[in-house]
Amino acid sequence: MRFFFKSRQFKIIVAALAAVILLSITTLIIKGFTTPQNNLFGSVIAPIQNAAAAVNNGINNLKTRLSDNSKLLKENEELKKQIALLTEDLLDYEDSVKENEFYKNYLEIKDDHTDFRFEPAMKIAADSTDIYGGFTINKGTLNGISLHDPVITYDGLVGYISEVGLSYSKVTTILSPELSVGAYDKRTRDVGAICGQLSFAEKGQTRLFNITRNCTITVGDYIVTSGGGIFPEGLIIGSVEAVEQEDSTASLYAVITPAAELDTITDLMVITYFSGQGNVSDMAEVN
Amino acid sequence: MRVKHKNYTVAVINSIMLLIICVVQYFPTPLLNIGFAVPVLAVGFVTAVATFYGEVQGAFWGIISGMLSDALSSTHICFNTIVLALIGLTVGLLMTHMLNLNRLSLCILSIGSAFVYFFAHWLIFYVFTDSEALRYLTVHAAPSVIYTALFGIVFIFIYSKISKKTAIGLE
């Protein structure tokens, strides 16, 4: 075995590994772009993953069609339940008004932000080993996407661009502890910060922490971004599932179910520009 | 004494295998997940290649599959490249100099490789940064090691057949 360690082949392997490590460390220090080897391999594999994504969409469409009959029966039952629920909701006039106000406000926010520049993108690869649901999209710097751009769907915030290559980008989702974003309750204006945690990510949820004990956040409230840093104000994050007390401190945290369906999204939007766009250091100040 | 193989054929087979692995592993909708157990197919692939083709091929295909995985996975450093190259190199050296080609050693190598991969993953991405690092180890990594090892055995079985076909004599 010691002859192998003195052989030319072993030296080549070590040199190749050293080169990869050196390139990665340099990129890590410089930040902003992906490593050259990732760029190369990513660009090569991106068209194949694009094809895989197209196959995935096709399978999903086929599944939907096949399950239509049983789905209709189920939907019928669900609709009956929904009618009962909606009747109750209608009786609760105050809640309905608040909900309407929320949607109205959200629409207004969208209308107000004429400065937003969007780049449509498609999910082409998902890292199944990433518990926080990180994935790859089919757009990169060639499409005007840059590091830390927010990623959204029509439903709400998905995450941000954490690595950008020429023709692909990696997205870190709102379930990840790497992402910290200032947020507030749309109804009560109570503020906090969104930051993911493993046990919540397992259930597809995240948490709003640093909220005061005298807050009036309740289940069903909608949480939106407070702006500043890499996210614009008013992007819907999700709804409150529960409000609980922190183990170590006296403050509370809210369990948030993201509005965007992170598991099933295929098409999404990257906000490539908005006025007041900051950088990641502004996001870190949230912590 | 080593078995000599048709290098070109082996390279083509490995390339095709690697592309299939990448597409399946990083399919937009995860295909192989069972609960929190996630198999890392590249670990099984590298283990199998190193077992039948030696340490140099093992390390080489470890680097290639690691680079492809790094390009597609959420990890921002060259984690997969380093770990898979080391797994390939170690498995190859163990098979060449220490272990015999039998079922027990293949099972040990398969489980060992999967364990090393997930332990390194835990060590680098969770221990120092995640407050629930232990939870990752028990709830996610442990079942994933077993699941990955199962795929490792499948790859070893496939490559035992392939290596017989590609063998052309002794070195």
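A, B, ... follow the sequence lines: proteins, then strands. Residue 1 opens every chain.
Heavy atoms of B/I63 lying under 4.5 Å from chain A belong exclusively to its side chain. Looking at B/V24, there are no atoms closer than 4.5 Å to chain A (heavy atoms on both sides), in backbone or side chain. Contact of B/F60 with chain A is not made at all, since no heavy-atom distance falls under 4.5 Å. Only the backbone of A/I124 comes within less than 4.5 Å of a heavy atom of chain B; no side-chain atom from C-beta onward does. For B/L31, no part sits under 4.5 Å from any heavy atom of chain A, backbone or side chain. With a threshold of 4.5 angstrom between heavy atoms, B/L19 approaches chain A through side-chain atoms but not through N, CA, C or O. With a threshold of 4.5 angstrom between heavy atoms, B/N33 approaches chain A through side-chain atoms but not through N, CA, C or O. Of the two parts of B/V40, only the side chain, counted from C-beta on, holds a non-hydrogen atom closer than 4.5 Å to a non-hydrogen atom of chain A. Only the side chain of A/T136 comes within less than 4.5 Å of a heavy atom of chain B; its backbone N, CA, C and O stay farther away.
Ranked by non-hydrogen atom pairs under 4.5 Å with chain B, the options A/D127, A/V171, A/I12 are led by A/D127. Heavy-atom pairs under 4.5 Å with chain B were tallied for A/A125, A/A126, A/A16, A/G134; the largest tally goes to A/A126. The residue among A/I13, A/I131, A/D130, A/T129 with the most heavy atom pairs within less than 4.5 Å of chain B is A/I131.
To the nearest 0.5 Å, the span separating OH on B/Y136 from CD on A/E202 amounts to 11.5 Å. Atom CZ of residue B/F27 and atom OG of residue A/S128 lie 12.0 Å apart, to the nearest 0.5 angstrom. Rounding to the nearest 0.5 Å places CZ of B/R135 at 5.5 Å from OG of A/S199.
The two residues B/H140 and A/L198 have their closest heavy-atom pair at NE2-CD1, 4.2 Å.
The local environment of CD in A/E244 is crowded, with over 12 non-hydrogen atoms from other residues, nucleotides or ligands closer than 6.0 Å.
In terms of modelled atom types and a separation under 3.5 Å, the side chain of B/E132 and the main chain of A/Q197 share no donor-acceptor contact.
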